[in-house]
Enquirer: 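Sharing a structure here in structure tokens format.
Below, all heavy atoms of this structure are taken into account, side chains as well, without hydrogens, waters or symmetry copies.
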2 protein chains.
Amino acid sequence: MEIRIGDLAKRSGCEVVTIRYYEKEGLLPKPARSGGNFRLYGEAHIERLQFIRHCRSLDMTLSEIRALLGLRDNPMQDCGEVNTLLEAHIQQVEMRVSALLQLKRHLVDLREKCSGSRSVEACGILQGLGNCNYHGESATNSQTSG
Amino acid sequence: MEIRIGDLAKRSGCEVVTIRYYEKEGLLPKPARSGGNFRLYGEAHIERLQFIRHCRSLDMTLSEIRALLGLRDNPMQDCGEVNTLLEAHIQQVEMRVSALLQLKRHLVDLREKCSGSRSVEACGILQGLGNCNYHGESATNSQTSG
DNA sequence: AAAATCTCTATAGTCACTATAGAGTCAAGT
DNA sequence: ACTTGACTCTATAGTGACTATAGAGATTTT
Ligand SMILES: [Zn+2]
Ligand SMILES: [Zn+2]
Ligand SMILES: [Zn+2]
Ligand SMILES: [Zn+2]
């Protein structure tokens, strides 16, 4: 049972170019080729790609996924590392959520400052964006990548 | 009162290169130059950059900020657009938060599946990442950029 | 005068893709 | 046999908001 890249894309819900990208990044092994140089995939590829896409839907980076795949490829190891990685990822998600919630409180607070349709000059939102009392001193950023 | 780019960076809590980047992107106007071709900034630049950094700390994109600056530069307009933009941004943040919370439930659920130190092969986490019962059919992605 | 610090421009890299160009392959219809 | 269309191939550039680097020039400190 050999399928081409387009079918694999349909089965895994990801784009053809993305599959080629994963191959280039070493997440998917290089598949066999047809006479006309088309990639030919089998069951193992399908399953591996679904694993990758599932991890991606959980916001894992390709580097995290690479680590998980590496563990999966050596089934005799202790699974402690899997737990460690998952735990670290959960914490990252938690941190991002609390950062976003804090930021949202700030935004909602700003929204209150405009009491209706006035001139931009007098708008409390723009003023609030200019000089803010939320942060201790000046507006330094506390940005984390999403 | 004219300061150089390094001082502006300190005052605004952002990197020198970032200031030059904002200039290239048209968010900051081109400043005057010294005899030795150094950028010289005044009060208006400082305030504008603080505005930008504040917006960035609220996760606004440069394109959103550009729009706000455009409004700010025409103070006679009605401020309705400011409200619209802020509202849309709040909704984006809310969507991102709920997506992350759902994803976190999924991750926590996965964490339960490993009952301790075993072989990778038998680990419930890796198995759970392979075939999942969370999603209706197969693991399609529901990604939003963060 | 020399050394250290700051600034300049230009270019490439990050991440996980997305988009495009131009050529080759294959199955179906005429 | 020929054309059409759908699919695939490689290679390259673009996205967003920066970060990192190289090599040169300006200014300040010692
Ligand atoms: Zn207003
Ligand atoms: Zn603030
Ligand atoms: Zn386990
Ligand atoms: Zn799942």
Side-chain angles (χ1 to χ4, degrees), chain A residues 2-28 30-41 45 49 51-69 89 92 96 140-146, chain B residues 2-28 30-41 45 49 52-69 89 92 96 103 140-146:
Chain A
E2 287 179 326
I3 62 173
R4 300 210 296 231
I5 200 168
D7 293 324
L8 180 56
K10 265 169 214 146
R11 277 181 192 243
S12 56
C14 85
E15 304 272 339
V16 166
V17 282
T18 304
I19 296 173
R20 289 197 281 250
Y21 172 68
Y22 289 160
E23 179 183 329
K24 206 178 60 175
E25 291 296 305
L27 299 178
L28 282 176
K30 302 205 172 193
R33 296 284 182 134
S34 73
N37 201 32
F38 286 9
R39 290 171 177 82
L40 297 176
Y41 296 99
H45 291 101
L49 182 54
F51 180 94
I52 294 171
R53 292 309 288 174
H54 195 204
C55 292
R56 282 296 296 135
S57 82
L58 294 170
D59 242 11
M60 294 183 189
T61 63
L62 293 196
S63 141
E64 288 174 306
I65 297 170
R66 220 188 310 272
L68 284 178
L69 286 170
H89 185 61
Q92 277 176 36
R96 181 68 182 144
T140 56
N141 69 323
S142 57
Q143 211 82 13
T144 40
S145 76
Chain B
E2 287 180 324
I3 61 174
R4 300 211 297 231
I5 198 167
D7 293 323
L8 181 56
K10 266 169 212 143
R11 278 180 190 242
S12 57
C14 85
E15 304 272 338
V16 167
V17 282
T18 305
I19 296 173
R20 288 198 281 251
Y21 173 68
Y22 290 160
E23 180 183 330
K24 207 177 61 175
E25 291 296 307
L27 299 178
L28 282 176
K30 303 205 171 192
R33 297 285 182 135
S34 75
N37 201 30
F38 287 9
R39 288 170 177 83
L40 297 176
Y41 296 99
H45 292 101
L49 181 54
I52 294 172
R53 293 307 289 174
H54 194 204
C55 291
R56 282 294 298 134
S57 82
L58 295 171
D59 241 12
M60 293 183 190
T61 63
L62 294 196
S63 140
E64 286 173 306
I65 298 170
R66 218 187 311 271
L68 285 178
L69 286 170
H89 185 61
Q92 276 175 36
R96 181 68 182 145
L103 183 157
T140 56
N141 70 325
S142 57
Q143 211 83 13
T144 41
S145 78

Enquirer: If you look at every heavy atom in A:Cys14 and A:Arg53, which pair is closest and at what distance?
Expert: CB-NE, 3.3 Å
Enquirer: Could you state the CG-C1' distance from B:Asp7 to D:dT27, rounded to the nearest angstrom?
Expert: 13 Å
Enquirer: If I compare all heavy atoms of B:Leu103 with all of A:Leu58, which pair ends up nearest, and what's the gap?
Expert: CD2-O, 3.5 Å
Enquirer: Report the distance from atom CG of A:Leu40 to atom P of D:dC9, rounded to the nearest whole Å.
Expert: 9 Å
Enquirer: Taking the side chain as everything from C-beta on, heavy atoms only, tell me whether B:Leu49 gets closer than 4.5 Å to B:Arg11.
Expert: no
Enquirer: Can you name the nearest heavy-atom pair linking B:Ile52 to B:Ile65, along with the distance?
Expert: O-CD1, 3.9 Å
Enquirer: Can you tell me which nucleotide in C:dT7, D:dC18, D:dT10 comes closest to the side chain of A:Arg39?
Expert: D:dT10
Enquirer: Determine: side-chain N/O of B:Arg33 to OP1/OP2 of D:dA26, distance under 4.0 Å, yes or no.
Expert: no
Enquirer: Looking only at non-hydrogen atoms, find the nearest pair between A:Cys55 and A:Leu68 and report the distance.
Expert: SG-CD1, 4.0 Å
Enquirer: Rounded to whole Å, how long is the line connecting atom CZ of B:Arg56 with atom P of D:dG16?
Expert: 12 Å
Enquirer: Could you state the atom-to-atom distance from CD of B:Glu2 to P of C:dT7 in whole Å?
Expert: 14 Å
Enquirer: At their closest point, which heavy atom of B:Glu23 faces which heavy atom of B:Arg33, and how far apart are they?
Expert: OE2-NH2, 4.3 Å
Enquirer: For DNA chain D, which residues in residues 14-26 of chain B have a heavy atom at a distance below 4.0 Å?
Expert: B:Glu15, B:Thr18, B:Tyr21, B:Tyr22
Enquirer: Using side-chain contact (heavy atoms from CB on, under 4.5 Å) as the criterion, list what pairs up with B:Glu64, not counting sequence neighbours.
Expert: B:Met60, B:Thr61, B:Leu85, B:His89, B:Gln92
Enquirer: Can you tell me the distance, in whole Å, between the CG atom of B:Leu28 and the P atom of D:dA17?
Expert: 15 Å
Enquirer: Measure the distance from CD on B:Gln92 to P on D:dG16 and round it to the nearest whole Å.
Expert: 14 Å
Enquirer: Determine, for nucleotides 21-26 of chain C in 5'-to-3' order, which nucleotides have protein heavy atoms under 4.0 Å from the base (write B), from only the sugar-phosphate (write S), or from neither (write -).
Expert: ---BSS
Enquirer: Rounded off to whole Å, could you give me the OH-to-C1' distance for the B:Tyr41 and C:dT7 pair?
Expert: 11 Å
Enquirer: Which pair of non-hydrogen atoms, one from B:Leu27 and one from B:Leu69, has the smallest distance, and what is that distance?
Expert: O-CD1, 3.8 Å
Enquirer: Please report the distance, rounded to the nearest Å, between NZ in A:Lys10 and C1' in D:dA6.
Expert: 10 Å
Enquirer: Is it the case that atom CD in B:Glu2 sees more than 12 heavy atoms from other parts of the structure closer than 6.0 Å?
Expert: yes
Enquirer: Any base atoms under 4.0 Å from A:Thr61, or only sugar-phosphate, or nothing? Heavy atoms, all strands.
Expert: sugar-phosphate
